[in-house]
Amino acid sequence: MAVAETAGLDPVLGFALVGALGVGSQWLAWRLRMPAIVLMLAAGLAVGPGLGVLTPSEQFGDLMQPMLAIAVAIILFEGGMTLNVRSLSDAAVGVRRLVFIGGPLGWAASAAALHWAAGLSWQTSAVFGGIMIVTGPTVIAPLLRQARLRKRPAALLQWEAIVNDPVGALAAVLAFEVVVVFGNGASAGGAIFDMVTGIAIAAALGAAGGWGLAQAFRNALVPEYMKVPVLFTLLLVVFAVSDAILHESGLLAVTVMGLWIANADLPSYAELRRFKEHATILLVSGVFILLAANMDRATLLAMDWRTLAFVVTVILIARPLPVLVALAFSDIPLRERLLVAFTGPRGVVLVAVAGLFGDLLVDAGVEDGAQVTMLAFALVAATVVLHGFTLTPMARWLGLTATETPGVLIVGGSRWATALGLAFAKLDLPVMVADPNLAHLRSARDAGLDTFWGDILSEVAEHKLDLVTYDKVIAASDNDAYNTLVATDLAPEFGREHVFQLRRLRQSSRHALPSTLGGQAIAADETYFEANARLADGWEFRVTKLSDEFTLEQWRDRHPDAVPVADLGPGGTLRLLGPDTKVKSTDGTRLLFLGPKREERKEDRRDENGQDTLKSA
């Protein structure tokens, strides 16, 4: 049997390489604290036009475009599922302005930049300018995760990116229909009617899909183990049917469907969203690697001074000006407007949709439509690298990060929680004590700590509290079951390695829980009553600074009974310690520990290195 000769890798090896590069780039970015998008872009360029190892259009052939289209649809759907209207709160006005005012202004400004800076015709500029409304949820999501912005600017960027993605694609459809009408003398009224009808049908399909799925899940018409498969299948059906009616309207349909489900208050919503987030991480990784690897050297070498002028014009004028105009005279502070205005990374949707319309423009007789893909890739690469490295420093300079050093959320008010909270506060770490019982928070409030009266798992806490300020959770209430519930529920969001709880009262095999439930042990792994009993016996939280002159071994000799609780590295990295965790003995590390109260002698009122002792409340 003859086998056709193909260039590059076998398709199966190609898929494996894409997955390895995508996930590997994300892992490496996490280890190096770098923007993952930048590493994925570099990896794709290296194996594609760089080394020539992977050429997706040859390895995957005609399946390339359908794969990208479905991946983008799933990414947008997952983005829609994050848009709960209750999370908007004070950002609602800004989001409306960015969509209804900033969108059209951005279209016009982008078209002007394409015509005068890149030298494209008005026909191509109008079509590509519509696509450039898109700011890229595939890029915004990881950047927001890294930058840890405050709630409102993060909401503005996230909502604008997800809502404007289908809007930008539909703007390109509108402009393309106009170009075709003027090019072949077709009826303008008929083209506009077809487009409006297609958009209306797409929105109706998305709403119907979301409503039907919500009703089926709520009325137990779908078993639990089939909910995710049913969700995926319905998503693909809605996308395919809508896209068949009007090109690119499928993106609108799946976004509306995701938005409907996000606001349907489904009991299984959290599990559905987490699964979708995992799938989206894989898809974003794969799509970025594929698009970067599919660029050919000739296209990259065709970039000239006009390409640079276009990119600079978009970053400095065509993006900031419409945003500043849209948000003018609103109650949004100037520094938040500036951050949003100068943060406009583009992502996979721009490149994917631009490639489609570039080919359609060439087929319609508009020759410079062939340049659209090159310009789209140049803009994506420039904005990904620029914002990947500048968003966090700019947010810090404007004072819009949640905190310089992430803090600790303590769930459960008690003497032990208050004393520990004060110790963290003295280390200049943000700390909040939360409890559903107001009386339990009295000592924390009297001590001046931030408190939250209510259930930390409630929707009020989710939408009103800026939880990005904290990256560690300690469940320390007097209710073991509630501690386990809090630790289990918050573990996927904070990371299981950052969630701790006091030991449950019953630890026999009959009452033992699986490892998937609950949090990690903290300090001496004591129960609520044992931990608070230490303070009643006079124990207190104290801090000492380790150095070459005062080592960890010397500290242990001086405090043989002390219990290490946390260490704070010279770089500000906080670690909560369990009974088996080794303390870092790096020079400059500050060690927080719980030790017996010393006699109040004058020479003992300060610790070993001259720092004030932190005493319990």
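All residue numbers refer to positions in the sequence shown, counting from 1. Every value quoted in this text rests on a predicted model; they were computed, and no experiment measured them. Computation of the quantities below employed the complete heavy-atom set of this structure, encompassing side-chain atoms and omitting hydrogens, waters and symmetry-equivalent molecules.
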Give a yes or no answer on whether the side chain of S242 reaches the backbone of V238 with a donor-acceptor pair at less than 3.5 Å. no

Are any non-hydrogen side-chain atoms of V314 and R346 less than 4.5 angstrom apart? yes

For the pair L490 and L457, evaluate side chain to side chain contact (heavy atoms under 4.5 Å, CB included) and give the outcome as yes or no after the intermediate values. CA-CA 8 Å; L490 296 182; L457 303 179; 4.0 Å; yes

List the atom of A109, the atom of P322, and the distance in Å for their closest heavy-atom pair. CB-CG, 4.0 Å

With rounding to the nearest 0.5 Å, note down the distance linking CG in L327 to CD1 in I101. 8.5 Å

Check the surroundings of atom CH2 in W211: do more than 12 heavy atoms from other residues, nucleotides or ligands lie under 6.0 Å from it? no

If the condition is side chain to side chain contact (heavy atoms under 4.5 Å, CB included), which residues does A112 pass it with, not counting sequence neighbours? W116

On a heavy-atom basis, the closest approach of L54 and G14 is CD1-CA, 4.1 Å

With a 4.5 Å heavy-atom cut-off, do F310 and Q371 have their side chains touching? no

If you round to the nearest 0.5 Å, how far is OG1 of T55 from CG of L290? 11.5 Å

Nearest heavy-atom approach of M132 to L379 is CE-CD2, 4.0 Å

Are the side chains of V384 and M40 in contact, using a 4.5 Å heavy-atom criterion? no

Any donor-acceptor pair under 3.5 Å linking the side chain of R337 with the backbone of S330? yes

F342 and M394: which non-hydrogen atoms are nearest, and at how many Å? O-CE, 4.0 Å

How close do E367 and V362 get, counting heavy atoms only, and between which atoms? O-CG2, 4.2 Å

Got M303 and F377 here, is their nearest side-chain heavy-atom distance under 4.5 Å? yes

Can any side-chain N or O of D10 pair as donor or acceptor with the backbone N or O of V12 at less than 3.5 Å? yes

Would you call V340 and I332 a side-chain contact if the rule is heavy atoms closer than 4.5 Å? no

Step by step, work out the side chain to side chain contact (heavy atoms under 4.5 Å, CB included) result for L375 and V311. CA-CA 8 Å; L375 292 172; V311 172; over 6 Å; no

Taking side chain as C-beta onward, heavy atoms only, is F77 less than 4.5 Å from L231? yes

What distance do L213 atom CG and W260 atom CH2 have between them, rounded to the nearest 0.5 Å? 12.0 Å

Atom CD of E336 and atom CG of L149: how far apart are they, to the nearest 0.5 Å? 9.5 Å

Closest approach of T343 and H387, non-hydrogen atoms and distance? CA-CE1, 3.6 Å

Hey, could you give me the CZ/CG distance between F128 and L361, rounded to the nearest 0.5 Å? 10.5 Å

With distance as the sole test, does D368 use its side chain to make a donor-acceptor pair with the main-chain N or O of L120 at under 3.5 Å? no

Side chains of residues 197-210: which donor-acceptor pairs under 3.5 Å do they make with residues two or more places apart or in other chains?
residue: T197; atom: OG1; partner: F193; partner atom: O; Å: 2.7

Interatomic distance, CG@L28 vs CG@L39, rounded to 0.5 Å, equals 5.5 Å

Residue pair R97 / V93, side-chain heavy-atom distance below 4.5 Å: yes

